[in-house]
Amino acid sequence: MRDIEARYRPATLLAVGDNGLLVRFARELEEEATQRAIAFFRVAEQAGLPGVVEIVPNLVSVLLRYDPRAVSFDALAGEVRLLFAREAVPGSEAGAYRIGIRFSGPDLAEVAERLGLSRDEFIEKHNLDPMRVLGGAFAPGFIYCGLHPEDMRLPRKSDVRPTVPPGSVLFAAGQTAITSTTIPTGWHVIGETDFRNLDLSAMPPTRLRAGDVVQFEALS
Amino acid sequence: MNRLEITRAGPLTSVQDAGRPGMLGYGVAASGPMDPSGFARAQAAAGVSCGAAVEFSMAGMAFTYRGGGATLGLAGGAFTASRNGERLTWPGGAKLQDGDMIDIRPGPWGNYGYARFDHEIDVPVLMGSRSTNVTVGLGGFGGRALRAGDALALMALASAPASLRAAGDAPDPDQPIRFIWGIHADMFSHDDRAAFCDTPFVVSPRIDRMGVRLVDNGIFAGQRILSLVSDCVVPGDVQVLGDGTPIILMADHQPTGGYPRIATIVGKDRPRVAQARPGASLRFAPISLDTARRLAL
């Protein structure tokens, strides 16, 4: 029953300039909205929406970019509303990945302490359940996974590290993230991985997509 | 082999083609020309099909052409250009011979100009485009801005591309910049929204391919919008920073943003934002989606 209600709770459709339509499921970071955004992303990708040139999954929304010469906002919005009741069709199943992490980050001890856990307890709890890829447009190849349970959430740090290298494993705001390029970050750096999500010479250039399932494993 | 030997390059001189749209979900902005209309007019000025452009900034650039005969097209803003010391029209086209020296210097208006050739610029195609994304160091000539001493190889155009359809008139600087209300416009007060439309904004000196920062004129000083969920942004989005400063995001924008977006400039008017020099005054006017679509057709 709850699923049916959730599916029909109206999303908000917003114009983004003259060539974007944002499907917003919530304004706050809510688990249910992240799931709806992923589900809609997967359905929209298969739907062959008229005039749509790009579909970008966000944490709690999905952006459709369209060619205004091919379709109007209103016509596209009508097509989008028709998709809300549709289930993802077979063939769109999420990928499943195991990703090894060396939990050696400079912020690991502080993160564990602030969550009231030992280092080993934190690692075990972090890796206990698989996580979903929620999106990743922050930087090339960057991905967010989550959401973590309420008792595993910390805000971002108050200061920003000027650079962290590709393969850094970050933790904040109910999510674990993996970097693919050198970026500045205000997230806690808890480890590193050899997993490389980005290959600029490939198409698509990333291995993980929103909705994929990731099981993290500790490497010694 | 045909090539350009760069002898002088202002900041932010870079290789740009039409850009790499469709990559935002992978964390890569589309890049491409800051002034797509100027980019198109450079091809029209050449009068033949052209490849990628060298986009130069206000300080201009100079290069020596090496190789067999070629055709050059110049447009975007109003620069002062010469070939071997003889003045060229702007926008305009020119035939190039081995050893010709082209010198492009600042002119009366504009921040970005385009040099295009009846050849392709021989840099790797990355994710479908030769454009440089200077923010992340990706594409173009080694992912970076061009500088004196660089040599750009030219090669034959792969195929006869697009028509040389008229690229439209140069932008009228006196008209307001047209926008669609942004996805967070409802979080601003009525007074803030009214002031955004009624108050001129001055372009600050902090302009680059990522964005155009406006001078804080105080109208957003009281806005307190906190803790937005970050999501992807698009060129033309007007973000209001925590201190009230508005920034218009441009071709090499960061892919996502967490600041409130009061407006999104329509594509047709983004070239005018790109070409507005520091100190220029901009006014903003909301338009309907129907009007915006007519502008895009």
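Proteins get letters first, then strands, A, B, ... in listed order; numbering begins at 1 in each.
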Considering only heavy atoms and a distance below 4.5 Å, find which of [options] pairs most often with chain A.
{"options": "B:Pro124, B:Cys232, B:Pro235, B:Gly267", "answer": "B:Cys232"}
{"options": "B:Val136, B:Val266, B:Val28", "answer": "B:Val266"}
{"options": "B:Asn133, B:Ile265, B:Ile180, B:Ile287", "answer": "B:Ile180"}

Do you know which of [options] has the most heavy-atom pairs with chain B at a distance under 4.5 angstrom?
{"options": "A:Ser201, A:Pro204, A:Gly135", "answer": "A:Pro204"}
{"options": "A:Ala202, A:Ala15, A:Ser72, A:Ser61", "answer": "A:Ser72"}
{"options": "A:Pro57, A:Pro68, A:Ala26, A:Pro140", "answer": "A:Pro140"}

What part of [X] lies closer than 4.5 angstrom to a heavy atom of chain A: side chain, backbone, both or neither?
{"X": "B:Leu138", "answer": "side chain"}
{"X": "B:Tyr26", "answer": "both"}
{"X": "B:Leu289", "answer": "side chain"}

Give me the atom names and distance for the closest heavy-atom approach of [X] to [Y].
{"X": "B:Leu24", "Y": "A:Val56", "result": "CB-CG2, 4.0 Å"}
{"X": "A:Pro205", "Y": "B:Met127", "result": "CG-CE, 3.3 Å"}
{"X": "A:Ala137", "Y": "B:Pro255", "result": "O-CB, 2.6 Å"}

How long is the straight-line distance from CZ of A:Arg27 back to NE2 of B:His184, given to the nearest 0.5 Å?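 Between atom NE2 of B:His184 and atom CZ of A:Arg27 there are 6.0 Å.
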In this structure, CG of B:Asp186 is separated from CG of A:Leu14 (nearest 0.5 Å) by 7.5 Å
Just wondering, are more than 12 heavy atoms of other shown residues or ligands nearer than 6.0 Å to [atom1] in [X]?
{"X": "A:Arg196", "atom1": "CZ", "value": "yes"}
{"X": "A:Gln215", "atom1": "CD", "value": "yes"}
{"X": "B:Phe201", "atom1": "CZ", "value": "yes"}

Could you walk me through whether B:Asp237 and A:Val16 pass side-chain contact (heavy atoms from CB on, under 4.5 Å), step by step? CA-CA 8 Å; B:Asp237 273 342; A:Val16 181; 4.3 Å; yes
*Taking the side chain as every heavy atom from C-beta outward, state whether B:Val234 and A:Asn19 have any pair of such atoms under 4.5 Å apart.*
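Not touching, per the 4.5 Å side-chain cut-off.
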Heavy-atom cut-off 4.5 Å, strictly under: side chain, backbone, both or neither for [X] against chain B?
{"X": "A:Ala70", "value": "backbone"}
{"X": "A:Val71", "value": "backbone"}
{"X": "A:Leu63", "value": "side chain"}

Between B:Gln254 and A:Phe138, is there a donor-acceptor pair closer than 3.5 Å when you use the side chain of the first and the backbone of the second?
-> no
- May I ask you to decide if B:Ile183's main-chain N or O and A:Arg24's side chain share a donor-acceptor pair within less than 3.5 Å? yes
Do NZ/NE/NH1/NH2 and the carboxylate oxygens of B:Arg293 and A:Asp74 come within less than 4.0 Å?
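No, no charged N to carboxylate O under 4.0 Å.
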Trace of the side-chain contact (heavy atoms from CB on, under 4.5 Å) decision for A:Asp18 with B:Lys268: CA-CA 9 Å; A:Asp18 54 3; B:Lys268 175 97 170 175; 5.7 Å; no
**Item:** Chi angles and distances behind the side-chain contact (heavy atoms from CB on, under 4.5 Å) call for B:Asp231, A:Leu22
**Value:** CA-CA 10 Å; B:Asp231 55 8; A:Leu22 186 74; 4.2 Å; yes
